[in-house]
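Notes to accompany the following structure.
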Amino acid sequence: MPKQIPWWLGGLLMSLLFYYTFSVWGANRPIGASTGMAYFSNLIFDLDTEHYEYASKIEIAGAWEGVMLIGAFFGGLFMSIFVTKTFHISYIPTLWKERKNRSVLSRMIWSFIAGFLLVFGARLAGGCNAGHILSGGSQLAVSGMIFAVVALGTGMITGRFFYKRKVIKDD
Amino acid sequence: MIDRIEHMFSVVANGAHGSVWTVLFIGFVFGAIILYSRLDKFEKMAGFMIFEDTLVPRMAMTTVALSSIGFYFMVQSGYATFDIKPTLLGGLVIGGILFGMGLVILGKCPSAFFVSVSEGRVDALVGVIGGMFGGLVFTIAYPWIEKIMGPDLGKIRVPDFFAEHGLLTVVIFSTVLLIVAFLIPTIDYKDPADFKEK
């Protein structure tokens, strides 16, 4: 089995999954993930729907995405163990070592901050890559397009300053 | 906490968006595609934004191009309904900025970091924990945050501006995305960690 599928096959398979999910035969709703993350956080910290307005707001959509994310976790686990065989405990991505540093502590602190920003930002915007860019874009939603431009633009600018310049290898 | 997890499944079971098994199946396939195309990797997502890899934009554009055509015909023939998120300008811009910064630093989006944990990545797990705190602060502060999220421009779609040419708009949009996806050069960051001999 190949270790990776090419971009066009990934895109094609993803759109087939989107057709199924979006249609009345599947879930009759688009795929999203970040509401599920907020739902998990309410669940872990025990924020109930009676006292917190936002918890009751995402009660239905969050539960759907929460269950979907549990499925996604096992889908990833299955593939990484049986197909790509890439499952191994790791702390720092290779590219981070190349362009940032080799400190585990630094990677962990930044991961925590970035994870915080991701979920907080996604909830503020009302969606993430899946909900806004993929599902929103597929429906030609204006909100998804604004989000895509702002998020990816900021990401590129941040990346320019956050990481070291690319080292040109002479081989 | 167990009762809340049970509650989560019962909400889905009683909802109108597929059975629990359907939703788990959708998630399973979603996670499998993310992992198999390596979208969960730092090198792919952060790599795209620092110009080391082009898988993410090409794959995303292909997905959106194909889905937009399919969605259009499905809605036209009554087999699906559009579910548009509201255009809350303040929330979109501020949220997008914070999200973009988080995205390039963590190198995974809120579904991919979950999948990434399943591959044994501890940094992704720390990201998820950070995300849990992000969700906590958001839920608690929501009554105040709500005030900066507007103005609400409504649930608008691009074809709304070209009412008589709905199909044409979708076709042009999709074609342009597909062409761009094919024209973007292939830059593939081969992670030596993935190709190690075991």
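Below, chain A is the first sequence line, B the second, and so on; all start at residue 1.
Closest non-hydrogen pair, Tyr163(A) versus Val104(B), comes out as OH-O, 2.6 Å. Annotation for Asp46(A) and Arg4(B): closest pair OD1-NH1, 3.4 Å, computed over non-hydrogen atoms. The two atoms that bring Met59(B) and Met14(A) nearest to each other are CE-CE, 4.1 Å, heavy atoms only.
Panel note: side chain Tyr72(B), backbone Ser138(A); no donor-acceptor pair is recorded below 3.5 Å. No donor-acceptor pair under 3.5 Å is formed between the side chain of Gln139(A) and the backbone N or O of Ser68(B). Between the side chain of Ser118(B) and the backbone N or O of Leu77(A), at least one donor-acceptor pair lies under 3.5 Å. Judged by distance alone, the side chain of Glu119(B) and the main-chain N or O of Gly76(A) form no donor-acceptor pair under 3.5 Å. The backbone N or O of Leu136(B) sits less than 3.5 Å from a side-chain atom of Ser41(A), completing a donor-acceptor pair. Of the possible polar contacts, one joining the Trp64(A) side chain to the His17(B) backbone as a donor-acceptor pair under 3.5 Å is found. Judged by distance alone, with hydrogens and angles left aside, the side-chain atoms of Ser143(A) form a donor-acceptor pair with the main-chain N or O of Lys85(B) at under 3.5 Å.
Phe173(B) touches chain A through its side chain: at least one heavy atom from C-beta onward sits under 4.5 Å away, while N, CA, C and O do not. For Lys108(B), the parts lying under 4.5 angstrom from a heavy atom of chain A are both the backbone and the side chain. With a threshold of 4.5 angstrom between heavy atoms, Ile44(A) approaches chain B through its backbone and through its side chain. Using a 4.5 Å cut-off between heavy atoms, Tyr19(A) touches chain B through backbone and side chain atoms alike. In this structure, chain A has a heavy atom under 4.5 Å from the backbone of Pro86(B), while its side chain stays farther away. At a 4.5 Å heavy-atom cutoff, the contact between Ala181(B) and chain A is made by backbone and side-chain atoms alike. For Tyr79(B), the parts lying under 4.5 angstrom from a heavy atom of chain A are both the backbone and the side chain. Both the backbone and the side chain of Phe18(A) come within contact range of chain B, judged by heavy atoms closer than 4.5 Å. Only the side chain of Ile146(A) has a heavy atom closer than 4.5 Å to any heavy atom of chain B. For Leu88(B), no part lies under 4.5 angstrom from a heavy atom of chain A. If you measure heavy-atom distances from Glu59(A) to chain B, the contacts under 4.5 Å come from both the backbone and the side chain. Heavy atoms closer than 4.5 Å to chain B are found in the side chain of Ile31(A), but not in its backbone. Contacts between Phe22(A) and chain B at a heavy-atom distance below 4.5 Å involve backbone atoms as well as side-chain atoms. Residue contact with chain B, scored on non-hydrogen atoms closer than 4.5 Å, involves the backbone and the side chain of Trp96(A) alike. In this structure, the portion of Leu89(B) lying under 4.5 Å from any heavy atom of chain A is its side chain and not its backbone. Contact of Phe82(B) with chain A is made through backbone and side chain together, with heavy-atom distances under 4.5 Å. At a 4.5 Å heavy-atom cutoff, the contact between Met74(B) and chain A is made by side-chain atoms alone. Of the two parts of His51(A), neither the backbone nor the side chain holds a non-hydrogen atom closer than 4.5 Å to a non-hydrogen atom of chain B. Residue contact with chain B, scored on non-hydrogen atoms closer than 4.5 Å, involves the side chain of Ala130(A) exclusively. Val75(B) touches chain A through its side chain: at least one heavy atom from C-beta onward sits under 4.5 Å away, while N, CA, C and O do not. Contact annotation for Trp110(A): both backbone and side-chain heavy atoms come within less than 4.5 Å of a heavy atom of chain B. Contacts between Phe161(B) and chain A at a heavy-atom distance below 4.5 Å involve the side chain alone, from C-beta outward.
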Worked verdict on Arg160(A) versus Ile50(B) for side-chain contact (heavy atoms from CB on, under 4.5 Å): CA-CA 7 Å; Arg160(A) 172 78 179 70; Ile50(B) 56 176; over 6 Å; no
Step-by-step side-chain contact (heavy atoms from CB on, under 4.5 Å) determination, Met156(A) to Phe48(B): CA-CA 9 Å; Met156(A) 286 176 182; Phe48(B) 144 55; 3.8 Å; yes
Tyr20(A) vs Thr22(B), side-chain contact (heavy atoms from CB on, under 4.5 Å): CA-CA, chis, key distance, verdict: CA-CA 10 Å; Tyr20(A) 174 68; Thr22(B) 310; 3.5 Å; yes
Evaluation steps, side-chain contact (heavy atoms from CB on, under 4.5 Å), between Trp8(A) and Arg58(B): CA-CA 7 Å; Trp8(A) 53 268; Arg58(B) 301 179 93 187; over 6 Å; no
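Options Thr81(B), Asp40(B), Ile34(B), Ile145(B) differ in how many heavy-atom pairs under 4.5 Å they form with chain A, and the most are formed by Thr81(B). Between chain A and the options Ala16(B), Gly18(B), Ser67(B), Gly127(B), heavy-atom pairs under 4.5 Å are most frequent for Ser67(B). Across Ala80(B), Gly131(B), Ala141(B), the residue that shares the most heavy-atom pairs under 4.5 angstrom with chain A is Gly131(B). Of the residues considered (Thr54(B), Val158(B), Asp188(B), Thr62(B)), Val158(B) shows the highest number of contacts with chain A, using heavy-atom pairs under 4.5 Å.
Two residues are said to be in side-chain contact when any heavy atoms from C-beta on lie closer than 4.5 Å; Asn129(A) and Ser111(B) fail this criterion. Leu103(B) places a side-chain heavy atom less than 4.5 Å from the side chain of Leu152(A). For the pair Met8(B)/Phe40(A), a side-chain contact is recorded, criterion being any heavy-atom separation below 4.5 Å from C-beta on. Using a 4.5 Å heavy-atom cutoff, the side chains of Phe73(A) and Val115(B) are not in contact. Side-chain atoms of Leu153(B) and Val142(A), non-hydrogen and from C-beta on, never get closer than 4.5 Å to each other. For the pair Glu43(B) and Pro93(A), the minimum side-chain heavy-atom distance is below 4.5 Å. Counting heavy atoms from C-beta outward, Arg121(B) and Tyr91(A) have side chains that stay 4.5 Å or more apart. Counting heavy atoms from C-beta outward, Leu24(B) and Val67(A) have side chains that approach closer than 4.5 Å.
At a cut-off of 3.5 Å, with distance as the only test, a side-chain donor of Lys57(A) or Tyr142(B) sits close to an acceptor on the other residue. Remark: the Tyr189(B) side chain and the Glu98(A) side chain contain an N/O donor-acceptor pair separated by less than 3.5 Å.
The line from CG of Leu124(A) to CG of Leu92(B) is 8.5 Å long, rounded to the nearest 0.5 Å. Atom CD in Glu65(A) sits 11.5 Å away from atom CD1 in Ile26(B) (nearest 0.5 Å).
Residue Val119(A) forms a side-chain contact (heavy atoms from CB on, under 4.5 Å) with just one option from Phe99(B), Phe113(B), Phe133(B), and that option is Phe113(B).
Under a 4.0 Å N-O distance rule, the pair Arg107(A)/Asp123(B) qualifies as a salt bridge.
A chain of hydrophobic side-chain contacts below 4.5 Å, direct or via other Ile, Leu, Val, Met, Phe, Trp or Tyr residues, connects Phe112(A) to Ile109(A).
Between Phe138(B) and Phe120(A), the two ring planes are perpendicular [angle over 60°; tilted spans 30° to 60°]. A tilted orientation is assigned to the rings of Phe78(A) and Phe28(B), their planes being inclined by 30° to 60°.
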